[in-house]
> 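To start, I am sharing the structure in question, which I have written as structure tokens.
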Protein chains: 2
Amino acid sequence: MATTFPDRQRTLGSLLRLPYQAMQDTVYGALAERGFDDIRAAHSAVFRHIDADGTRLTVLAERAGMTKQSMAYLVDALSQAGYLATTPDPHDGRARRVRLTRRGEQAMTALLELSADFEQRLAARLGVARMKRLRTLLEELATVVEPVRAADTP
Amino acid sequence: MATTFPDRQRTLGSLLRLPYQAMQDTVYGALAERGFDDIRAAHSAVFRHIDADGTRLTVLAERAGMTKQSMAYLVDALSQAGYLATTPDPHDGRARRVRLTRRGEQAMTALLELSADFEQRLAARLGVARMKRLRTLLEELATVVEPVRAADTP
DNA sequence: TCCAGTTAGTCAGTCTTGCTGACTAAATTG
DNA sequence: CAATTTAGTCAGCAAGACTGACTAACTGGA
């Protein structure tokens with residue numbers, strides 16, 4: 001018999017991870033089926049943070065909370081796959097602006113659609129009202145997370 | 001000016017990821033400060049799924065949703081660091097039972113404590129009632145995720 | 001009972017995604 | 001204008017996941 005640890009209740013972490021993982025798997029799986037099979041979850045760090053009129057590599061890295069080398073790696077892959085184009089920054093000879101190509105925009109649209117889809121399917125089972133409350137609570141949680149995190153090392 | 005994409009509202013995914021990441025960082029950071037500095041977030045796949053009287057490698061892998069090779073890698077690292085001990089299964093000469101050592105139990109206790117701590121600090125800011133509602137909704141969400149995921153490829 | 005098939009785990013190699021450190025070239029500032 | 005900062009690149013490393021091919025041990029049916 002599996003003697004489970006007695007006091008082991010689900011941590012908040014696992015409650016957050018479960019739906020997050022499921023969503024990732026489903027959304028990126030579906031994205032691949034739609035023909036965007038060279039986009040992986042890690043690449044979302046770019047899509048999430050890029051502006052409509054282009055963004056510098058360093059800014060992308062900052063926003064994503066990673067090193068510029070790591071961001072460069074992601075941008076490189078997406079560029080080679082045709083989702084991004086980089087142009088030199090007219091105001092700064094060192095910098096390059098990273099922009100979405102048309103195909104990049106299509107990918108991002110698909111990504112947002114599929115995410116909304118997944119959420120809607122969850123809402124259909126959970127109840128729309130509940131999903132709305134959940135969303136609201138998560139948004140409130142977001143505003144509260146950073147202070148707690150910062151208070152970590154006083 | 002950063003011309004953000006107009007219709008970009010937060011996806012459910014990012015709402016889940018933000019607190020999850022923060023919690024991971026905080027909890028595993030604090031765990032390191034308590035002297036368990038050789039335990040990384042990936043190792044939680046073991047702690048989460050191991051039973052008090054030991055568990056087979058393959059079972060751990062199944063529960064964690066990963067290959068047995070990957071799980072073996074994690075178990076190996078934790079064994080070398082003294083958190084796990086493996087004994088041959090008396091009923092099956094092929095199998096090994098993986099168990100927590102005393103130190104392993106201490107680590108797991110710390111892990112659960114620190115997780116509860118973090119949740120409590122969030123609750124203090126969010127309000128206990130809200131945190132309770134959030135938890136309930138996340139638990140309900142969990143029961144609903146698998147069906148939706150399965151319905152993915154009909 | 002024995003042999004065919006399944007199961008537990010290992011070995012070897014690969015890929016993805018992050019990191020650090022050292023560097024060049026361009027911009028900024030005192 | 002020299003010193004410093006900033007943007008990005010190059011090279012190398014590590015963790016954590018994967019696949020494929022394998023050995024040893026168990027199991028069920030003829």
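All of these numbers come straight from a predicted model, not from anything done at the bench. Chain naming here is simple, since letters A, B, ... match the order of the sequence lines and numbering starts at 1 in each.
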> Grab the CD-C1' distance between Q69(B) and dC11(C) for me, whole Å please.
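Going from CD in Q69(B) over to C1' in dC11(C) covers 9 Å.
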
> For DNA chain C, whose closest nucleotide is more 5', that of A45(A) or that of G93(A)?
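Result of the comparison: A45(A).
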
> May I ask you to decide if T86(B)'s main-chain N or O and R96(B)'s side chain share a donor-acceptor pair within less than 3.5 Å?
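Pair absent, no side-chain N/O of R96(B) close to backbone of T86(B).
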
> For DNA chain D, note the earliest and the latest nucleotide, 5' to 3', having some atom under 4.0 Å of a heavy atom belonging to chain A.
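Boundary nucleotides touching chain A, in 5' to 3' order, are dT6(D) to dC10(D).
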
> Quick one: D37(A) CG to dT16(C) P, roughly how many Å, whole number?
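It is 12 Å, rounded to the nearest whole Å.
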
> Is it true that E140(A) and R130(B) have a side-chain N and a carboxylate O under 4.0 angstrom from each other?
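Here E140(A) pairs with R130(B) in a salt bridge, since their nearest N and O are under 4.0 Å apart.
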
> Is there side-chain contact between Y20(B) and L12(A), with heavy atoms separated by less than 4.5 Å?
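No, too far: nothing below the 4.5 Å cut-off.
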
> Let me know the distance between CZ of R56(A) and C1' of dA27(C), rounded to the nearest Å.
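Taking atom C1' of dA27(C) as the reference, CZ of R56(A) is at 10 Å.
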
> Are M23(B) and V145(A) linked, directly or through intermediate hydrophobic residues, by side-chain heavy-atom contacts shorter than 4.5 Å (ILVMFWY only)?
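V145(A) clusters together with M23(B).
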
> To the nearest Å, give me how far apart CG (D76(A)) and P (dG18(C)) are.
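That distance rounds to 14 Å.
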
> Rounding to a whole Å, what distance do you find between H91(A):NE2 and dT28(C):P?
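It is 11 Å, rounded to the nearest whole Å.
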
> Is there a side-chain contact between V46(A) and M71(A) in this structure, where contact means two heavy atoms from C-beta onward sitting under 4.5 Å apart?
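Counting from C-beta outward, V46(A) and M71(A) do come under 4.5 Å.
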
> Within the structure shown, what part of the strands sits under 4.0 Å from S70(B) by heavy-atom distance: base, sugar-phosphate, or nothing?
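Result for S70(B) = base.
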
> Which whole-number value in Å describes the distance from D25(B) CG to dC19(C) P?
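It is 11 Å, rounded to the nearest whole Å.
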
> Quickly work out the D92(A) CG to dA26(C) P distance and round it to whole Å.
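Checked: the CG to P distance equals 10 Å.
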
> Decide whether I39(A) and M108(A) are clustered together by the hydrophobic rule: side chain heavy atoms of Ile, Leu, Val, Met, Phe, Trp, Tyr closer than 4.5 Å, transitively.
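In one cluster: yes.
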
> Backbone N or O of R94(B) within a donor-acceptor pair of the D92(B) side chain at under 3.5 Å?
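Looks like yes, one N/O pair under 3.5 Å.
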
> dT17(C) C1' sits how many Å from R40(A) CZ, rounded?
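Value for this atom pair: 10 Å.
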
> Using heavy atoms to find the nearest nucleotide of DNA chain C for H43(A) and V59(B) separately, return the residue whose nucleotide is more 5′.
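It is V59(B), whose closest nucleotide lies nearer the 5' terminus.
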
